[in-house]
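Because only heavy atoms are used, hydrogens play no part in the values below, and waters and symmetry mates are left out as well, while side chains stay in.
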Amino acid sequence: MVRHLRAEANAGRMLPFVIEFQGRLVGQLTIAGITWGSMCSAHVGYWVDESVAGRGVMPTAVALAVDHCFRTVGLHRIEVCIRPENAPSRRVVEKLGFREEGLRPRYLHIDGAWRDHLVFALTVEEVPEGLLHRWQQARPQNTA
């Protein structure tokens, strides 16, 4: 797996990240499917350890990665595709203000069947001050 991630990153098609919280590995985030030309787009996939879920770790990681993609890498659009029943992942994109674009029927083959996914997207013009800034402004003041 690590070899594949390195090869894709070296080819400019992927940006794999690990997520640390309080000094320990708690998740992973991947910017994949990087496409250049007239599209300048990619999609995000992520997971986080249940022990830190709900603490703002994943929205913060997604915001940082998206800002990197928009400001440093030069991408224009980021998508996140989520299974409709995955409420925690949907909550991440909702907190960050990604717009829902619709359903992709039978989009990915998971657990032996083709699964539907909801598509959420964001373009660079939608977050002129950055996604992390938007997330920080939206968070209640009493959270870390």
Side-chain angles (χ1 to χ4, degrees), residues 1-139 144:
M1 175 65 115
V2 172
R3 188 174 297 146
H4 169 72
L5 294 175
R6 271 197 195 126
E8 288 296 295
N10 288 337
R13 292 184 296 259
M14 177 183 288
L15 298 169
F17 298 96
V18 297
I19 300 168
E20 287 187 11
F21 181 72
Q22 296 180 341
R24 67 183 185 94
L25 173 68
V26 296
Q28 193 253 337
L29 181 148
T30 302
I31 306 293
I34 297 173
T35 305
W36 296 104
S38 60
M39 186 173 255
C40 293
S41 177
H43 58 267
V44 178
Y46 50 81
W47 64 267
V48 69
D49 189 282
E50 192 175 318
S51 68
V52 299
R55 298 171 91 179
V57 172
M58 189 52 71
T60 301
V62 171
L64 286 165
V66 168
D67 283 350
H68 176 71
C69 287
F70 286 163
R71 294 178 173 173
T72 305
V73 178
L75 296 178
H76 177 256
R77 175 185 168 90
I78 299 291
E79 287 186 1
V80 182
C81 296
I82 301 169
R83 290 175 63 177
E85 66 274 14
N86 188 342
S89 283
R90 289 176 64 180
R91 186 71 187 121
V92 169
V93 294
E94 290 164 1
K95 287 178 182 180
L96 293 172
F98 276 73
R99 103 186 92 70
E100 186 174 335
E101 292 190 329
L103 181 72
R104 289 190 177 159
R106 297 168 304 283
Y107 181 62
L108 291 176
H109 197 264
I110 300 172
D111 294 331
W114 290 99
R115 309 292 179 171
D116 296 349
H117 281 68
L118 291 169
V119 180
F120 298 85
L122 194 63
T123 61
V124 68
E125 295 90 355
E126 294 173 83
V127 285
E129 295 181 352
L131 190 54
L132 183 62
H133 180 263
R134 177 196 279 181
W135 167 233
Q136 289 172 332
Q137 295 302 305
R139 288 189 81 179

Closest approach of V57 to F21 (non-hydrogen atoms, all atoms of both residues)
CG2-CD1, 3.6 Å
Can you tell if the side chain of T60 reaches within under 4.5 Å of the side chain of R139, non-hydrogen atoms only?
yes
Any idea which heavy atoms bring A65 and L29 closest together, and the distance?
CB-CD2, 3.6 Å
Taking every heavy atom of A61 against every heavy atom of I19, the minimum-distance pair comes out as CB-CD1, 3.7 Å
Only one of V73, I31, L131 passes side-chain contact (heavy atoms from CB on, under 4.5 Å) with H68, and that residue is V73
Is any side-chain heavy atom of L96 closer than 4.5 Å to a side-chain heavy atom of R134?
no
For V119 versus C81, what's the shortest heavy-atom pair and its separation?
CG2-SG, 4.0 Å
Is a side-chain N or O of Y46 found less than 3.5 angstrom from the main chain of S89, in a donor-acceptor match?
yes
Using every non-hydrogen atom in the two residues, find where P59 and K95 come nearest and quote the distance to one decimal.
CG-CD, 4.0 Å
Spatial distance of atom CE (M14) from atom NE2 (H43) [nearest 0.5 Å]
7.0 Å
Rounded distance [0.5 Å steps], CZ in F17 versus CG in L5:
11.5 Å
Within a radius of less than 6.0 Å around CZ of R104, do more than 12 heavy atoms belonging to other residues, nucleotides or ligands occur?
yes
Hey, are the side chains of T123 and R99 touching, using non-hydrogen atoms and a 4.5 Å cut-off?
yes
Can you name the one residue among Q22, R24, Q28 that meets side-chain contact (heavy atoms from CB on, under 4.5 Å) with V26?
R24
Rounding to 0.5 Å, atoms CE (M39) and CD1 (I34) come to a distance of 13.0 Å
Please tell me if the side chains of N86 and P88 come closer than 4.5 Å, counting only heavy atoms from C-beta onward.
yes
Can you name the closest pair of heavy atoms from I78 and F70 and give their distance?
CG1-CE2, 3.6 Å
Let me confirm one number: the CD-CZ distance from E100 to F120, rounded to the nearest 0.5 Å.
4.0 Å
Beyond-backbone contact of H76 with E125, side-chain heavy atoms, under 4.5 angstrom:
yes
Heavy-atom check, side chain of V62 versus side chain of F98, under 4.5 Å
yes
When rounded to the nearest 0.5 Å, the distance separating CG of D116 from CZ of R106 is 6.5 Å
If you measure from CZ on R83 to CG on L118, what distance do you get to the nearest 0.5 Å?
11.5 Å
